[in-house]
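Below is one structure; the comments refer to it alone.
Ligands are counted one by one from 1 in listed order, and the atoms in each one are counted from 1 as well.
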Amino acid sequence: MTRDALSSADPLDVAPADSAGIAATEAMGIALVAHDSCKPDMVAWALEHREVLAPHRLYATGTTGGLVADATGLSIVRFRSGPLGGDQQVGARIAEGDVDLLIFFWDALTAQPHEPDVRALLRLAVLANVPVACNRSTADLVITSPLLGGATREHVDTRLAGRVAS
Ligand SMILES: O=C(CO)COP(=O)(O)O
């Protein structure tokens with residue numbers, strides 16, 4: 001099923017995704033974020049896993065989302081650019097429980113003007129027990145994991161529920 005075919009349907013009413021290891025029976029929220037030097041890597045990764053990503057709800061910071069959408073044709077909910085609040089918007093989706101996986105290729109060599117936002121995004125992902133992949137090899141492992149969408153989803157839900165209740 002293509003992403004376009006899903007756009008008018010219930011986003012959670014999706015058939016099992018693919019043969020690449022994802023055992024999800026419902027769409028997951030996957031957020032894509034990449035700093036400038038890492039954007040070519042993100043585009044290449046998204047192209048490589050295009051069919052895996054297609055059935056899911058995809059979110060991205062502005063520039064990353066534009067580049068990935070142009071290269072892959074995938075439908076992506078694009079937030080503001082990271083330095084203009086996009087990282088915080090992705091973080092808000094994590095806090096709402098909408099994100100099951102964060103692919104965040106951050107630049108390990110260059111200081112970012114919005115470093116507090118980057119840190120806040122990573123903090124929320126860790127707090128909610130959302131799997132986070134910060135480089136391509138980890139992203140490859142995570143996106144092909146049989147745990148994705150099953151066990152990870154339960155952990156996310158449990159963790160968030162516990163936080164809300166306390
Ligand atoms: O800055 C970013 C993440 O911190 C990414 O933002 P863009 O995708 O808009 O470049």
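Paired with L102 under the rule side chain to side chain contact (heavy atoms under 4.5 Å, CB included), one option of V132, L32, V126 passes, and it is V132.
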Show me the donor-acceptor pairs, under 3.5 Å and distance only, between side chains in residues 39-48 and residues at least two apart or in other chains.
{"unit_1": "K39", "atom_1": "NZ", "unit_2": "A34", "atom_2": "O", "d": "2.8"}
{"unit_1": "K39", "atom_1": "NZ", "unit_2": "D36", "atom_2": "OD1", "d": "2.6"}
{"unit_1": "W45", "atom_1": "NE1", "unit_2": "H49", "atom_2": "NE2", "d": "3.4"}
{"unit_1": "W45", "atom_1": "NE1", "unit_2": "D140", "atom_2": "OD1", "d": "3.1"}
{"unit_1": "E48", "atom_1": "OE1", "unit_2": "R136", "atom_2": "NH2", "d": "3.0"}

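In this structure a side-chain-to-backbone donor-acceptor pair under 3.5 Å is present from R50 to T72. Judged purely by atom type and a 3.5 angstrom limit, Q88 has no side-chain atom pairing as donor or acceptor with the backbone of G85.
At a heavy-atom cutoff of 4.0 Å, ligand 1 is surrounded by V33, A34, H35, K39, T61, G62, T63, T64, S81, G82, P83, D87, F104, H114, V118.
In this structure, H114 and D87 have side chains that are in contact, with non-hydrogen atoms separated by less than 4.5 Å.
Aromatic ring orientation, Y59 versus F79: parallel (interplanar angle below 30°, classes split at 30° and 60°).
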